[in-house]
Amino acid sequence: MNPKLKLTLSSTALVASISILLSYNILAPPAVPGSHHLHNAKTIQLNSAFGPESLAFDPNGDGPYSGVADGRILKWQGDAVGWTDFAFTSSHREDCVLPFAPEMEHICGRPLGLRFDKKTGDLYIADAYFGLQVVGPAGGLATQIITEAEGQPLYFTNDMDIDELDDVIYFTDTSTSFRRRQFLPSIFTKDKTGRLLKYNKSSEEVTVLLRGLAFANGVALSKDSSFVLVAETTTCRILRLWLRGPNAGNVEVFSELPGFPDNIRRNMKGEFWVALHAKKGLVAKLALSYSLFGNTFLKLPLSFKQLHSLFIGGKPHAIAVKLSENGEILEVLEDTEGKAMRFISEVEEKDGKLWIGSVMMPFVGIYHL
Ligand SMILES: *[C@@H]1O[C@H](CO)[C@@H](O)[C@H](O)[C@H]1NC(C)=O
């Protein structure tokens, strides 16, 4: 048989078998024992917008604010007013009309991690394509602060946390070879070009603290700023870098998770909520254990949706974990059927409620604790 035809036939057969497995939920990862229900979360729909990745409340407690897929940052003003435009990270917005257009992200911007500076009320923004930015309390067009480190452009800025005592921002650049819209190839090929960086506001200096990370993602400081956590999505781990004390400079595994961590947010008690994009199912395990599988999946004639479905094990679901200050899992929340929430990206605890963002859904979730 013609080798090209043979390859086409065998990849078609493989795609067909995978589709069957996915449709029967054979590949769906099981519920984590002892997990609590997240499926009764309430949702607040966005108005012609998609993918509220990160959520932040301003120093007055207003909001949340959230960056969406068309490059805007929206503000929630309560049921009566709804969502209003607050800020944007690109001035070239003429063609940014679709709620979701990944091919436009490098023009329209894609704001991810958001954090307010509580002293000034300034909003810091990690834009996947435009680096670290800041906008004042009145909103509008954000200003670029950092676009490179050690001569290497920021290629996929993702999340940050602010140490207000030291006036320092810790932030991640997920990859120096894959852009945000290529996040699946970045994971399937186990790309290890992610970095954790530090920006000193007074000296305006940028330093690389950790490099060689496999999809550097969420960032959170401990309550006393003695350490900073960074999510390494591809390895399903949270790493801890000590900043102060006898271990300063040491890095260690803080927590191993049942899925792929996105943003990390600390609550008032000093515990950490970690949103997982999805659990690690059979296909993801195969792809990440044997690079042959990972590379084969990428070569199959699959759409983004099909490849993503494969990655998550077929059935959309949501999972979040709460970690203690020492990295133990204290609580697991799951929506195993994806009834209310799917592919969550951040969990922000405020006044007895969890506000939940999702990078691939057109709504924000609220869960009463
Ligand atoms: C930030 O830079 C200033 C000025 O160079 C320096 O005095 C300070 O120690 C730096 N802070 C940190 C946390 O690195």
Side-chain angles (χ1 to χ4, degrees), residues 54 56-59 89 111-128 130-137 142-176 193-213 216-232 237-255 263-272 274 323 325-327 348:
S54 177
F57 292 89
D58 67 25
T89 56
L112 297 177
L114 302 181
R115 296 276 194 178
F116 275 95
D117 181 323
K118 290 185 196 66
K119 285 181 288 189
T120 59
D122 289 339
L123 176 64
Y124 284 84
I125 306 155
D127 185 285
F130 297 134
L132 204 59
Q133 301 205 351
V134 66
V135 69
T143 312
Q144 243 166 13
I145 317 172
I146 302 161
T147 54
E148 61 152 58
E150 294 182 343
Q152 185 119 45
L154 299 178
Y155 204 61
F156 181 171
T157 326
N158 200 323
D159 195 27
M160 86 191 92
D161 201 0
I162 305 175
D163 183 341
E164 293 186 4
L165 275 176
D166 271 359
D167 249 356
V168 162
I169 297 177
Y170 296 91
F171 67 103
T172 45
D173 187 26
T174 296
S175 169
T176 50
T193 59
R195 302 182 288 177
L196 175 70
L197 307 105
K198 166 182 163 178
Y199 169 62
N200 182 331
K201 282 204 238 171
S202 52
S203 67
E204 296 184 7
E205 233 175 11
V206 185
T207 327
V208 179
L209 298 175
L210 297 176
R211 64 188 83 235
L213 300 176
N217 201 331
V219 180
L221 284 155
S222 64
K223 204 173 171 187
D224 63 359
S225 296
S226 61
F227 61 83
V228 63
L229 299 181
V230 56
E232 207 188 29
R237 310 187 295 185
I238 307 285
L239 304 178
R240 157 157 64 187
L241 172 67
W242 287 97
L243 299 170
R244 293 187 169 82
N247 296 324
N250 289 355
V251 59
E252 64 199 20
V253 175
F254 181 71
S255 191
N263 290 345
I264 314 169
R265 290 296 181 267
R266 202 180 66 233
N267 67 12
M268 297 287 275
K269 281 196 204 157
E271 301 157 338
F272 301 97
V274 184
L323 302 176
E325 258 182 313
N326 303 315
E348 174 82 37

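In listed order, ligands and their atoms are each counted from 1. FYI, side chains are in, hydrogens and waters are out, and symmetry mates aren't considered; it's all heavy atoms of this structure.
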Worksheet item: Which ligand 1 atoms are under 4.0 Å away from a heavy-atom of Ser202?
Response: 1 (C), 2 (O), 3 (C)
Fill in: Sub-4.0 Å protein heavy atom near atom 7 (O) of ligand 1
no
Worksheet, complete the sentence: Closest heavy-atom pair, Leu323 versus Gly327, reported as atoms and distance to 0.1 Å, is CD2-O, 3.8 Å
Fill in: Asp159 bridged to Arg265 by N-O distance under 4.0 Å
yes
Response to the item:
Atoms of ligand 1 under 4.0 Å from any heavy atom of Asp166, numbered from 1 in the order shown, are 13 (C)
Item to complete: Taking all heavy atoms of Ala216 and all of Asn158, pick out the closest pair and write down the distance.
Response: O-ND2, 4.1 Å
Practice prompt. Measure up the Phe227 and Phe272 rings against each other and bin them: parallel (under 30°), tilted (30 to 60°), perpendicular (over 60°).
Written response: tilted
Item to complete: Could you tell me if any non-hydrogen atom of Lys201 lies under 4.0 Å from any atom of ligand 1?
Response: no
Practice prompt. Check each of Lys269, Glu271, Glu325 against Lys223 using the side-chain contact (heavy atoms from CB on, under 4.5 Å) test, and report the only one that passes.
Written response: Glu325
Worksheet entry | Residue pair Ile125 / Val135, side-chain heavy-atom distance below 4.5 Å | yes
Response to the item:
Near Val168 (heavy-atom distance under 4.0 Å), the atoms of ligand 1 are 13 (C)
Practice prompt. Return the residue, atom name and 0.1 Å-rounded distance of the protein heavy atom closest to atom 4 (C) of ligand 1.
Written response: Ser203 CB, 3.8 Å
Fill in: ligand 1 versus Lys198: contacting region, heavy-atom distance under 4.0 Å
side chain
Response to the item:
When distances are taken from atom 1 (C) of ligand 1, the protein heavy atom at minimum range is Asn200 ND2, 1.4 Å
